[in-house]
Amino acid sequence: MAGDDGELAERVGDTLTGLGWRMWPTSRHTLLYVSPDELRGAEWILASCPFELGGLPVALQLSARTHAGSAMTEWNAARCRGARWGGSP
């Protein structure tokens, strides 16, 4: 989660802004990054204001859409704290 390790969110944020992504804090207490073509987004959830998905706190949410003019995303993925990334156990 953003802010709980003091580094990961900042390193990823620096990388994304270096690639031309814009960032701003949201009313949901997240840090939202949007790609230059406005088709992709990454949203860090602040450790001080977590929300849950399936009973697990969400740390990072990624999304994509086909058309920049559409508010609806067509693909979403969430990284939950305590859940494993893919691969074998």
Q.
Please say yes or no: joined through hydrophobic side-chain contacts below 4.5 Å, possibly via intermediate residues, are Leu19 and Trp44 part of one cluster?
A. yes
Q.
Give me the atom names and distance for the closest heavy-atom approach of Pro25 to Met23.
A. N-SD, 4.0 Å
Q | Transitive ILVMFWY side-chain link Val34 to Leu62, under 4.5 Å | A | no
Q. Do Glu43 and Thr26 have side-chain heavy atoms sitting under 4.5 Å apart?
A. yes
Q.
Side-chain heavy atoms nearer than 4.5 Å, only ILVMFWY residues, links allowed to pass through others: does that put Val12 and Trp21 together?
A. yes
Q. To the nearest 0.5 Å, how far apart are NE2 in His67 and CG in Leu39?
A. 9.0 Å
**Q.** Under 3.5 Å donor-acceptor, Thr30 side chain and Leu32 backbone
**A.** no
Q. Which atom names give the shortest non-hydrogen contact between Ala71 and Arg65, and what distance separates them?
A. CA-NH1, 3.9 Å
Q | Closest contact, heavy atoms only, Pro36 versus Gly20 | A | CG-O, 3.4 Å
Q.
Which heavy atom of Ala68 sits nearest to which heavy atom of Asp37, and what is that distance?
A. CB-O, 3.8 Å
